[in-house]
Amino acid sequence: MLARLASQRLREIRQVIRQIPQTTRSLSTALNYHLDSPDNNPNNPWEFTEANKTKVKEILSHYPSNYKQSAVIPLLDLAQQQHGGWLPVSAMNEVAKIIEVAPIRVYEVATFYSMFNRTKVGKYHLLVCGTTPCMIRGSREIEEALLKHLGVKRNEVTKDGLFSVGEMECMGCCVNAPMITVADYSNGSEGYTYNYYEDLTPEKAVEIVEAFRRGEKPPRGTQNPKRINSGPEGGNTTLLGEPKPPPCRDLDAC
Amino acid sequence: MGLGSIASRALRSNTLRPGHTNLLRRSIVTTTELRNAEAAQAQPETPPPDLPPRTPVAGARVHFPNPEDAIEVFVDGYPVKIPKGMTVLQACEIAGVDIPRFCYHSRLSIAGNCRMCLVEVEKSPKPVASCAMPALPGMKIKTDTPLAKKAREGVMEFLLMNHPLDCPICDQGGECDLQDQSMAFGSDRGRFTETKRSVVDKNLGPLVKTVMTRCIQCTRCVRFATEIAGVQDLGMLGRGSGEEIGTYVEKLMTSELSGNVIDICPVGALTSKPFAFKARNWELKGTESIDVTDAVGSNIRIDSRGPEVMRVVPRLNEDINEEWISDKTRFFYDGLKRQRLNDPMIRGPDGRFKAVSWRDALAVVAEVIHQVKADEIVGVAGKLSDAESMMALKDFLNKMGSNNVLCEGNGPNPNADLRSGYIMNTSISGLENADVFLLVGTQPRVEAAMVNARIRKTVRATQAKVGYVGPATDLNYDHEHLGTGPQTLSEIAKGSHPFSSTLMNAKNPCIIVGAGIFERDDKDAIFSVVEAIAERAKAVRPDWNGMNVLLLNAAQAAALDLGLVPESDKGIESSKFIYLMGADDVNLEKIPEDAFVVYQGHHGDRSVYRANVILPASAFSEKEGTYVNTEGCAQTTVPAVPTVGDARDDWKIVRALSEVAGVILPYDSLSAIRSRMKTVAPNLVNVDEREPATFSYSLKPESQQKISTTPFKAAVENFYMTDPITRASKVMAQCSALLSKK
């Protein structure tokens with residue numbers, strides 16, 4: 001009797017515990033603190049290239065001279081493009097020097113925004129949208145296919161240094177879900193592109209990756225040949241004729 | 001069957017009931033009227049007939065800079081008049097309502113991110129964060145409505161969501177804001193079933209222990225470091241649930257005020273490392289005393305348990321240290337437990353010390369002092385001497401016929417005649433009114449960290465300009481390094497230096513001369529140049545006195561007040577009998593080989609190596625003593641712990657010695673010696689009151705000295721080790737190894 005009671009109670013408790021999700025969210029950002037490594041430590045010299053120095057001047061000219069710190073995000077972005085898609089701590093220090101703030105104020109910004117990568121990424125950084133519409137349309141499968149094809153984990157770089165896969169939240173392309181973004185750092189900050197590839201299937205995503213590997217630049221946008229941008233498949237289905245005036249109003253009288 | 005069947009039936013009926021499957025989910029609000037706040041609110045309000053007068057929280061004061069700007073607000077129906085620009089929270093404080101808060105701190109900028117201070121404001125659709133909301137005329141603030149309570153309960157639940165339940169092993173336990181406020185607004189159970197967040201602990205150095213998982217992201221420490229300490233090391237990293245406080249790169253907090261983050265942290269995320277797991281705050285006896293490690297005289301509370309000083313925390317004193325203290329003040333107390341002298345000792349012929357009785361030790365000293373000539377007797381008071389003992393020492397040696405009594409740090413030829421020539425005439429809180437500072441040979445950051453914090457506060461608030469003459473240094477505010485030597489001062493005095501025009505145009509110029517100058521041979525010349533600058537800049541007027549001296553040691557001001565001035569310059573070199581009363585920074589090389597050295601003090605520090613007789617005395621934490629700080633405010637220490645071993649109070653030892661030597665001093669109680677002090681320097685008995693100097697430097701005779709070109713030296717080499725107690729402290733040794741800038 002008692003044993004039966006006890007086992008029943010145990011089953012109940014177990015059920016309650018099982019309801020607690022034990023997953024930990026893996027965020028796209030790296031750690032919130034810096035660990036010295038040979039290619040990422042404050043002693044490494046880091047400077048903007050000559051071409052980018054003029055860009056820095058241009059960016060700073062957008063802001064009043066006593067509010068230089070407003071330029072922190074564009075400058076970090078420029079530094080990231082120049083440094084192959086990620087920000088070593090010395091680059092952040094350089095930005096802090098340019099905008100004349102304490103380095104920690106730059107670290108705060110760089111850690112806050114998930115599009116600043118503080119660990120190495122591939123030359124082509126693939127960002128899979130993970131927000132609801134894309135997820136419903138199969139973004140999980142796309143990510144899985146990419147990871148399997150490249151043989152890496154999320155936020156890991158392939159051995160040849162070409163690719164890395166990360167997750168990004170809604171990029172506003174839900175009408176063409178599922179989609180990925182490819183941040184192309186292969187040509188430095190001059191040839192930097194940030195393109196959306198939409199209407200994907202797992203196979204299509206792998207094809208795009210292979211095209212990048214061959215050095216091609218596959219056309220951005222929807223990958224469904226029957227669609228133009230975000231238009232419906234096979235051409236427009238509504239609004240085909242001249243729009244009719246609302247029946248209740250006499251527009252000519254205006 | 002019987003009991004078993006009843007139980008199983010009960011269980012079955014339980015499992016069948018649909019609303020009971022969520023065993024862990026319970027409502028946090030238990031009182032029914034709180035569930036529908038609107039309904040409770042809708043009831044017609046009957047204003048209480050007459051409200052009893054309320055007292056402001058923690059003595060909050062209202063200051064009306066402009067009487068026309070007063071506005072009236074109603075806090076829980078009680079009308080209060082406040083100046084324009086105050087926040088709702090401040091208005092509530094004046095009305096006597098304490099609003100719970102975590103991120104708000106009156107001395108820091110407003111962040112408004114903890115949301116604990118939510119109150120209800122009439123006609124506002126949502127509860128408002130009172131700390132960030134400016135009070136508007138006629139605002140009707142309600143602090144104890146069901147809506148406000150429910151809002152705070154919600155905030156509290158979110159705060160506790162990721163907060164570990166480790167109060168039993170947390171050093172903040174018992175003095176934790178979160179613990180206290182969760183008593184009022186917390187639930188007895190949580191609804192959060194996910195795993196709690198955990199954060200990697202940061203290494204902030206040997207003083208501050210971090211348990212970052214406990215952090216509730218109030219950002220008080222970040223704001224303190226940025227605004228008051230002036231070291232921008234801490235920041236808020238990451239976002240959302242991954243947000244954490246940190247330095248990003250491995251960096252120690254190299255501020256001389258870093259210990260204050262322990263006090264301002266509302267939870268146990270930042271606690272004292274030396275005090276970790278040592279005691280609970282309710283076991284401690286607090287004694288309100290005075291800090292003696294520098295000349296500021298910060299107000300402290302010595303927390304002790306039995307005979308041991310467990311920690312030192314600041315006391316509020318708006319005129320001196322506000323509510324901060326320096327790291328040296330906070331953490332040097334472990335020096336009180338090491339290297340202590342506890343028995344009278346005599347150095348035998350073999351060079352070794354032998355413990356003897358007080359009777360024998362005093363007899364030996366009395367015998368020797370009678371064998372030397374009167375002008376060969378020298379007395380040196382140490383950095384930590386209190387006024388009573390210096391009075392006794394001076395009286396005793398005067399009775400022996402010698403007038404060679406000096407105090408360390410005051411130099412060979414101090415000016416004790418004009419009090420304005422050695423105290424901070426502007427007063428520490430008065431520094432806030434200055435608009436241009438000229439620091440002459442002083443590095444307040446290491447000499448007097450609290451004065452430096454005051455200057456930094458002024459610079460931050462009013463963009464006051466700071467000119468600095470002395471060796472290149474890192475002051476934690478913008479300053480202009482004008483030069484390194486006295487010739488820069490001459491240029492300013494002549495008006496040929498660009499900074500002199502800044503100084504001339506200043507409304508309230510403030511000149512601070514470091515006490516390191518006292519040791520220079522051309523001291524009088526430098527002072528006359530500085531006085532010339534003050535004259536040109538009109539720094540001394542009836543309504544403003546901007547001529548200051550920043551002293552280094554706790555004993556200095558009282559020593560000069562009591563007239564501890566050596567008769568001859570060559571006092572120590574030609575002496576045969578030297579009485580060192582806690583003096584450990586005298587140049588031992590200068591003491592002649594055949595001189596008889598008596599060391600009376602509490603630590604076996606430098607001078608003990610040269611001493612012939614050791615008389616153990618009590619430290620500042622064990623005695624009642626009067627200290628005068630650099631602005632001329634007399635304050636007293638109170639014994640917090642019993643003395644060590646056979647040690648006695650300094651003045652009592654001198655008194656006993658005088659009796660053995662046959663020249664009895666006419667006082668044998670503390671009140672008697674204080675009345676003797678009163679005849680010499682009446683300001684010494686006006687405790688806790690700043691006595692301004694009456695006469696200015698204009699009465700001083702002309703100096704015939706020439707200024708030399710020797711650049712100014714740093715008066716304090718190592719901030720963490722300046723006196724016998726700090727040199728004996730292990731924590732201070734760690735600090736100077738890790739944190740001192742090379």
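Fair warning: this is a prediction, and the values are worked out from it, not measured in the lab. Here is how names work: the chains are called A, B, and so on, in the same order as the sequence lines, proteins then strands, and each is numbered from 1.
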A.B. asks: Can you tell me how far the CG atom of Asn32(A) sits from the NZ atom of Lys202(B), to the nearest 0.5 Å?
C.D. replies: 8.0 Å
A.B. asks: Would you mind checking which part of Val231(B) comes under 4.5 Å of any heavy atom in chain A, side chain (CB onward), backbone (N, CA, C, O), both or neither?
C.D. replies: neither
A.B. asks: What's the shortest heavy-atom distance between Val249(B) and His34(A), and which atoms?
C.D. replies: CG1-CD2, 3.8 Å
A.B. asks: Hey, could you give me the CD/CD distance between Gln232(B) and Glu108(A), rounded to the nearest 0.5 Å?
C.D. replies: 9.0 Å
A.B. asks: Heavy-atom count check: over 12 atoms from other residues, nucleotides or ligands less than 6.0 Å from Lys457(B) NZ?
C.D. replies: yes
A.B. asks: Hey, is CZ on Arg107(B) packed in by over 12 heavy atoms from elsewhere, all under 6.0 Å?
C.D. replies: yes
A.B. asks: Is it true that, when you exclude Phe158(B) itself, more than 12 heavy atoms of the residues, nucleotides or ligands shown sit nearer than 6.0 Å to its CZ?
C.D. replies: no
A.B. asks: Looking only at non-hydrogen atoms, find the nearest pair between Met92(A) and Tyr248(B) and report the distance.
C.D. replies: CE-OH, 3.6 Å
A.B. asks: Chain A heavy atoms under 4.5 Å from Val199(B): which part of the residue, side chain, backbone, both or neither?
C.D. replies: neither
A.B. asks: Tell me if the NZ atom of Lys97(A) is crowded by more than 12 foreign heavy atoms within 6.0 Å.
C.D. replies: no
A.B. asks: May I have the step-by-step check of side chain to side chain contact (heavy atoms under 4.5 Å, CB included) for Thr226(B) and Arg105(A), ending in yes or no?
C.D. replies: CA-CA 10 Å; Thr226(B) 313; Arg105(A) 300 281 98 86; 3.6 Å; yes
A.B. asks: For Lys273(B), does the NZ atom have more than 12 heavy-atom neighbours from other residues, nucleotides or ligands under 6.0 Å away?
C.D. replies: yes
A.B. asks: To the closest 0.5 Å, what do you measure between CG (Leu237(B)) and OH (Tyr107(A))?
C.D. replies: 10.0 Å
A.B. asks: Is it the case that over 12 heavy atoms from other parts of the model lie below 6.0 angstrom from the NZ atom of Lys123(A)?
C.D. replies: no
